[in-house]
S.K.: 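Sharing a structure here in structure tokens format.
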Amino acid sequence: MPLKLYTNYIEDFITENEILELQPEVNKAHEKLHNGTGEGSDYLGWIDLPEAYDKDEFEHIKVVAKKIREKAEILVVIGIGGSYLGARAAIEFVKSQNYNLLCKDTPKIIFSGNSISSTALSEVVDMVEGKDFAVNVISKSGTTTEPAISFRVFREMLISKYGKDGAAERIFVTTDKEKGTLKKLADSEGYETFVVPDNVGGRYSVLTAVGLLPIAVAGIDIDKLMQGARDARNAFKNSDIKSNDCYKYAAIRNVLARKGKTVEMMVSYEPSFAMMNEWFKQLYGESEGKNGKGIFPASAIFSTDLHSLGQYIQDGQRILFETVVIFKKPNKEHMIKMDPDDVDGLNFLAGKEMSYVNRKAFEGTALAHNDGGVPNIVLEAECMNEYELGYMIYFFEKACGISGYILGVNPFDQPGVESYKRNMFALLGKPGYENEREVLERRIRK
């Protein structure tokens, strides 16, 4: 099995029987997902996506990715949340956290529209100035504030640099199939378009054109990516916790939460996993955090963060559990050499590979954290490649749906996200929010 679950670092905290006792709840969650009888059933397209994806659009993605690689030094990917996290996570996972510094035959890929920072936007403008660049704007509606502002800026730059017709050849739009501001603009200006499926929510959309186009531009094999997801889909069809590691992970999380372990730290010992951590945090935070419920998703990269968060994890509030993703083989290996003077006292490591040291750091940390009262769920994959990533993405998506239903929430909506938007629109003076603006400004002045 490409991704294997190990429970030896949770045995001091929960028993196998406690996990198996959740089987009836897991069965109900499974039925809701596969029969479409639970809340949010309009957004279950991701379940069969690895088999039922649009094959014509998939091939079109490859063609357009090749076109972008041939004509652009930089691709600016404009989107926020699920419209960018999955693609960025995949590129760093498969290629490198330093992709833009190391890439040679593929464009640099810069992400914009994921904040309202004038500094961040201005820096991206500076990076593309004088370069041949293209834009992939990703938005279901086209009116989400952060990406809409960014697209306005870079669209104007493209038109100024290449003319209206030239710009049209360098703007690629991923949006609704039929409606919305962005779809209307794309049709009127002749931009190539890709579809955000109606039945796949943003945080589950990395295996649609939302994530696949930028991923393919980076030279990543999206056929292997989808094959990994397809094999995961087939592996996790049954609801038996004993044979389904995905469902067992969902059950373990809930057993730990009911024992007061309400914060989950997603941990890896590979820096290139950092954006996968961010993708995980949106997937689980937005899916589970509602109705006063939910396991709070946090993250860390070890051993780096052991020098900042290690003290709290070891001796702070006992509300934490860790899910540690480790890899059998590194993408690149490095051997530690002998120093004739042994000035740093590290000659005992001479002749050993860095991956061996990294593994021992994991084992030592897991034991220490266990001793400190922190359970460690361990997920082990072979290496960081396209196939393993596709498998892992589907594993976490499926586990999230199951876990959300066990928690008793709708894993596919995000009502709380709208609150800040309403306040921001009112304070900015958007038409139709005049009354709310007066109330909010009075509150601010207090």
Side-chain angles (χ1 to χ4, degrees), residues 64-139 142-175 181-182 185-186 189 191-192 194 210-211 213-220 271-272 274-279 282 301 424 428:
V64 171
K66 182 174 183 292
K67 182 193 300 185
I68 294 171
R69 288 197 297 269
E70 290 172 349
K71 67 167 52 181
E73 299 171 83
I74 296 173
L75 173 66
V76 180
V77 179
I78 298 172
I80 194 167
S83 295
Y84 97 99
L85 278 172
R88 184 170 176 183
I91 292 166
E92 294 193 9
F93 182 100
V94 176
K95 293 290 187 175
S96 169
Q97 192 178 40
N98 298 308
Y99 168 80
N100 283 340
L101 296 175
L102 297 172
C103 63
K104 295 178 181 178
D105 301 321
T106 54
K108 293 180 179 180
I109 299 178
I110 300 172
F111 294 88
S112 185
N114 47 61
S115 77
I116 317 177
S117 165
S118 60
T119 300
L121 179 59
S122 298
E123 287 174 350
V124 179
V125 169
D126 290 343
M127 282 188 272
V128 302
E129 194 70 55
K131 305 288 186 181
D132 283 320
F133 73 100
V135 166
N136 175 209
V137 57
I138 307 162
S139 176
T143 58
T144 303
T145 306
E146 296 91 337
I149 291 172
S150 185
F151 182 47
R152 174 180 286 202
V153 170
F154 291 105
R155 179 169 172 261
E156 289 174 355
M157 286 185 70
L158 284 169
I159 292 172
S160 176
K161 184 178 179 70
Y162 300 105
K164 200 170 184 181
D165 291 341
E169 296 178 356
R170 292 172 175 271
I171 294 175
F172 304 91
V173 175
T174 308
T175 189
T181 300
L182 192 52
L185 176 66
E189 299 295 331
Y191 303 152
E192 284 200 71
F194 297 89
V210 169
L213 180 57
I215 290 169
V217 171
I220 292 171
S272 288
M275 287 307 300
M276 279 295 292
N277 280 344
E278 298 305 310
W279 174 81
Q282 186 197 4
I301 295 294
M424 182 178 68
L428 287 170

S.K.: Looking only at atom types and distance, does a side-chain atom of Ser117 sit under 3.5 Å from a main-chain N or O of Ala120, one as donor and one as acceptor?
M.R.: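 Yes, the answer is positive, given that a donor and an acceptor are paired below the 3.5 Å cut-off.
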S.K.: So for atom NZ, which belongs to Lys108, do other residues, nucleotides or ligands contribute more than 12 heavy atoms lying within a distance under 6.0 Å?
M.R.: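 Not buried by this count: 12 neighbours or fewer within 6.0 Å.
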S.K.: So, do Met424 and Ile116 sit near enough that their side-chain heavy atoms are less than 4.5 Å apart?
M.R.: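 Answer yes - side chains close enough.
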S.K.: When rounded to the nearest 0.5 angstrom, what is the spacing between CZ in Arg152 and CG in Leu121?
M.R.: 12.0 Å
S.K.: Short question: side chain of Thr175, backbone of Ser139 - any donor-acceptor pair under 3.5 Å?
M.R.: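 Answer holds: yes.
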S.K.: Could you tell me whether the side chain of Gln282 and the main chain of Gly82 form a donor-acceptor pair under 3.5 Å?
M.R.: yes
S.K.: Show the nearest heavy-atom pair for residues Gly211 and Ala87, with the distance to one decimal.
M.R.: O-CB, 3.9 Å
S.K.: Test side chain to side chain contact (heavy atoms under 4.5 Å, CB included) on Phe133 and Leu158; report intermediate values, then the result.
M.R.: CA-CA 8 Å; Phe133 73 100; Leu158 284 169; 3.5 Å; yes
S.K.: How many angstroms lie between CD in Glu92 and CE in Met275, if you round to the nearest 0.5 Å?
M.R.: 6.0 Å
S.K.: Given Glu192 and Lys67, is the salt bridge (charged side-chain N to carboxylate O under 4.0 Å, His left out) satisfied, shown in steps?
M.R.: CA-CA 12 Å; Glu192 284 200 71; Lys67 182 193 300 185; 2.5 Å; yes
S.K.: Just how far is it from atom NZ of Lys95 to atom CG of Leu102, taken to the nearest 0.5 Å?
M.R.: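 Here the interatomic distance stands at 10.5 Å.
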S.K.: So Phe111 and Tyr84, would you call those rings parallel, tilted or perpendicular, with 30° and 60° as cut-offs?
M.R.: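 Geometry flag for Tyr84 against Phe111: tilted rings.
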S.K.: Measure across Ile68 and Ala134 and return the closest heavy-atom pair with its distance rounded to 0.1 Å.
M.R.: CG2-CB, 4.5 Å
S.K.: Which atoms form the tightest heavy-atom contact between Val210 and Pro214, and what is the distance?
M.R.: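 Val210 and Pro214 have their closest heavy atoms at O-CD, 3.8 Å.
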S.K.: Please walk me through it: do Val137 and Phe154 pass side chain to side chain contact (heavy atoms under 4.5 Å, CB included)?
M.R.: CA-CA 10 Å; Val137 57; Phe154 291 105; over 6 Å; no
S.K.: In sequence, state the C-alpha distance, the side-chain angles, and the governing distance for Asn114 and Glu146, and then conclude on side chain to side chain contact (heavy atoms under 4.5 Å, CB included).
M.R.: CA-CA 6 Å; Asn114 47 61; Glu146 296 91 337; over 6 Å; no
S.K.: Mark yes or no for whether Arg170, through its side chain, and Lys71, through its backbone, hold a donor-acceptor pair below 3.5 Å.
M.R.: yes
S.K.: Could you check whether any side-chain N or O of Asn136 sits under 3.5 Å from a backbone N or O of Phe172, counting only pairs where one atom can act as donor and the other as acceptor?
M.R.: yes
S.K.: Please check if atom CG in Asp126 has more than 12 non-hydrogen atoms from other residues, nucleotides or ligands closer than 6.0 Å.
M.R.: yes
S.K.: Determine, stepwise, if the pair Leu185 / Arg155 fulfils side chain to side chain contact (heavy atoms under 4.5 Å, CB included).
M.R.: CA-CA 12 Å; Leu185 176 66; Arg155 179 169 172 261; 3.8 Å; yes
S.K.: Check step by step if salt bridge (charged side-chain N to carboxylate O under 4.0 Å, His left out) holds for Glu70 and Lys66.
M.R.: CA-CA 6 Å; Glu70 290 172 349; Lys66 182 174 183 292; 2.5 Å; yes
S.K.: Give a yes or no on whether the backbone of Asp105 and the side-chain of Arg69 come within a donor-acceptor separation of less than 3.5 Å.
M.R.: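 Pair absent, no side-chain N/O of Arg69 close to backbone of Asp105.
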S.K.: Kindly compute the distance separating CZ (Phe194) from CD1 (Ile138), expressed to the nearest 0.5 Å.
M.R.: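 Those atoms lie 10.5 Å apart.
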S.K.: In Å, rounded to the nearest 0.5 Å, how long is the span from CZ of Arg88 to CD1 of Ile215?
M.R.: 13.5 Å
S.K.: CD1/Ile78 to CD1/Ile149 distance, rounded to the nearest 0.5 angstrom?
M.R.: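 Atom-to-atom, Ile78:CD1 and Ile149:CD1 are 11.5 Å apart.
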S.K.: For Ile109, does its backbone N or O pair with a side-chain atom of Asn100 as donor and acceptor, under 3.5 Å?
M.R.: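 Yes; judged by distance alone, with no hydrogens or angles, the pair exists.
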S.K.: Between Gln97 and Pro271, is there a donor-acceptor pair closer than 3.5 Å when you use the side chain of the first and the backbone of the second?
M.R.: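 Yes, the answer is positive, given that a donor and an acceptor are paired below the 3.5 Å cut-off.
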